[in-house]
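Residue numbers begin at 1 in each chain, while the letters A, B, ... track the order of the sequences.
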Amino acid sequence: MVKIVFFASIREVLGCASLDLNIGKGVSLSRLVAMLGEQRGELWCVALTAENVRVAVNQELVQGDPLLSIGDEIAFFPPVTGG
Amino acid sequence: MVKIVFFASIREVLGCASLDLNIGKGVSLSRLVAMLGEQRGELWCVALTAENVRVAVNQELVQGDPLLSIGDEIAFFPPVTGG
Amino acid sequence: MSQKIIIQEAPFRMQDEYQKLKSVTRAVGAVAIFVGVVRDINDGADVHGLHLEHYPGMTEREIGKILAMAEDRWPLHAATVIHRVGALDPGDEIVLVGIAAGHRGDAFAACEFVIDYLKTRATFWKKEQTSEGEGWLTTREADLSAAATWEE
Amino acid sequence: MSQKIIIQEAPFRMQDEYQKLKSVTRAVGAVAIFVGVVRDINDGADVHGLHLEHYPGMTEREIGKILAMAEDRWPLHAATVIHRVGALDPGDEIVLVGIAAGHRGDAFAACEFVIDYLKTRATFWKKEQTSEGEGWLTTREADLSAAATWEE
């Protein structure tokens with residue numbers, strides 16, 4: 001199981017703030033996104049792979065396509081606009 | 001008549017915060033300092049011509065040896081150290 | 001360096017934050033404080049209000065990293081970052097960054113560094129209500145280049 | 001630009017000055033405030049107290065000129081300079097420079113510019129009481145070079 005969280009415009013587009021997903025060992029980030037697309041539809045695939053989507057694993061920004069571990073918290077969000 | 005004012009270390013060295021002096025027309029700053037030295041002694045001449053002494057006429061910093069006018073306020077002070 | 005990082009809905013009081021910063025040690029000679037305020041206009045549209053969302057946990061970690069970078073660069077005595085979330089109106093304070101240091105050059109540089117990095121790294125998002133409708137803000141080019149200047 | 005220049009013996013309140021700066025117009029998006037504090041140590045000697053003297057009239061004129069220069073360089077909404085004179089103890093505030101602007105880069109730059117110029121142009125003089133005796137301070141090289149950087 002991993003926890004997946006969404007923020008700001010992505011949360012709104014998906015209509016979802018967080019969900020839990022059962023994944024096996026050795027699942028990559030891109031595989032996770034593909035799984036979400038298969039389960040929830042094309043909208044998810046598009047929203048989570050858009051060019052400016054940031055991804056954090058366990059609250060650390062990641063780049064590329066890391067492998068995920070059971071218990072990870074994966075976050076998808078747009079570029080930040082605070083301050 | 002001109003008004004002459006002294007600040008900080010110069011005021012302390014001279015033991016004088018301000019004085020009025022009768023001068024004629026066309027007196028230069030250097031002549032004023034010479035007059036003060038003649039009237040009040042060598043200490044004044046030294047203190048007012050030291051390398052880092054700043055001079056303001058009517059609250060504007062001056063350089064060189066300007067001519068003074070009746071009613072001017074002439075100030076002698078060391079480099080500033082506020083803030 | 002003494003540090004304080006707070007994310008809250010409530011307003012903050014400048015005076016209280018200033019007092020804390022200047023009182024950490026008697027070696028403090030300079031306090032620089034920046035406050036960001038909701039403007040009533042942005043990109044030409046009247047702003048009626050903002051909603052600020054953040055990623056609890058990650059936000060505090062990111063700000064902690066920014067303060068650690070600042071502390072590596074300049075000798076500092078104290079740093080405070082307070083960022084508000086939730087509904088804000090024009091005129092409301094959004095963010096306070098305060099730095100106490102021995103000397104003013106360090107306090108100014110660190111204060112500007114922290115707000116510049118916060119703008120591009122801390123996980124906050126603003127949704128703006130304007131006369132033309134409601135929408136999520138996008139990153140300003142000026143903010144990206146402000147943060148980039150520190151990396152030169 | 002709204003401006004306020006005050007030379008006084010009395011302490012000032014950060015909160016009051018901040019409120020005035022941010023309230024001049026709803027277009028204020030950034031407030032940068034610098035406060036200088038009497039340190040308990042200077043050049044290695046324990047400082048027991050300071051006495052600050054100034055040239056009434058000329059001081060205000062010089063600060064006015066500095067604010068006019070800042071206003072020429074950056075778009076600003078308000079500027080406040082308060083400088084204390086008389087007897088000050090370690091921990092006391094000496095000076096406050098506050099700038100309100102639309103954007104933070106302008107507020108930071110103008111605030112640092114004003115204090116850098118104030119340090120080398122405004123007619124204040126400090127006499128320090130230390131464990132090694134009493135004496136007038138001399139201009140710090142760092143202050144001269146800080147002001148000089150703005151002239152490049």
Side-chain angles (χ1 to χ4, degrees), chain B residues 1-21 23 28-30 32-33 36 40 43-83, chain D residues 5 7 34-39 42-43 50-66 81-86 88 93-97 111-128 134-144 146-147:
Chain B
M1 184 109 93
V2 293
K3 182 180 183 188
I4 311 175
V5 292
F6 307 99
F7 292 98
S9 53
I10 296 178
R11 176 180 50 70
E12 279 196 349
V13 165
L14 301 181
C16 177
S18 78
L19 60 88
D20 292 331
L21 193 71
I23 63 168
S28 68
L29 177 61
S30 60
L32 179 85
V33 171
L36 287 169
R40 307 214 167 208
L43 173 68
W44 283 61
C45 213
V46 171
L48 299 182
T49 58
E51 195 194 352
N52 67 359
V53 172
R54 268 58 168 162
V55 183
V57 175
N58 299 326
Q59 305 187 351
E60 293 282 347
L61 272 182
V62 294
Q63 307 221 302
D65 190 22
L67 291 182
L68 303 173
S69 303
I70 307 299
D72 279 352
E73 177 175 290
I74 299 111
F76 294 86
F77 48 80
V80 303
T81 54
Chain D
I5 298 169
I7 317 296
F34 170 78
V35 177
V37 178
V38 182
R39 301 171 75 202
N42 190 21
D43 289 336
L50 276 187
H51 185 85
L52 259 146
E53 171 174 334
H54 82 121
Y55 183 174
M58 182 161 175
T59 310
E60 292 86 344
R61 288 164 64 114
E62 288 296 315
I63 296 172
K65 287 185 206 167
I66 295 167
V81 175
I82 305 179
H83 202 297
R84 294 179 66 193
V85 291
L88 297 176
E93 285 86 2
I94 307 176
V95 61
L96 177 148
V97 176
C111 191
E112 194 165 9
F113 174 91
V114 171
I115 182 68
D116 283 353
Y117 270 85
L118 185 149
K119 283 251 175 195
T120 57
R121 299 203 177 182
T123 43
F124 295 100
W125 300 275
K126 278 189 195 125
K127 190 175 196 177
E128 206 172 58
E134 177 176 87
W136 294 96
L137 295 187
T138 51
T139 311
R140 291 174 61 225
E141 268 309 314
D143 289 333
L144 294 174

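- With sequence neighbours left out, Phe124(D) forms a ring-ring contact (aromatic ring centres under 6.0 Å, His included) with His54(D), His83(D).
- Comparing His51(D), Arg121(D), Lys126(D), Glu62(D) by heavy-atom pairs within less than 4.5 Å of chain B, the highest count is held by Lys126(D).
- With a 4.5 Å cut-off on non-hydrogen atoms, Thr120(D) touches chain B through its backbone but not through its side chain.
- Glu60(B) has its side chain within reach of Lys65(D): a pair of non-hydrogen atoms, C-beta onward, lies under 4.5 Å apart.
- For a residue to count as touching a neighbouring chain, one of its non-hydrogen atoms must lie under 4.5 Å from one of that chain's; by this rule Thr59(D) does not touch chain B.
- For the residue pair Val80(B) and Trp125(D), the shortest heavy atom distance occurs at CA-NE1, 3.7 Å.
- Proximity to chain B involves both the backbone and the side chain of Leu137(D), based on heavy atoms less than 4.5 angstrom apart.
- Closest non-hydrogen pair, Thr139(D) versus Pro79(B), comes out as OG1-CB, 3.1 Å.
- Neither the backbone nor the side chain of Asn52(B) comes within less than 4.5 Å of any heavy atom of chain D.
- A pairwise comparison of heavy atoms in Thr138(D) and Thr81(B) identifies C-CG2, 3.7 Å as the closest pair.
- Using a 4.5 Å heavy-atom cut-off against chain D, the contacting residues of residues 1-16 of chain B are Val5(B), Phe7(B), Ala8(B), Ser9(B), Arg11(B), Glu12(B).
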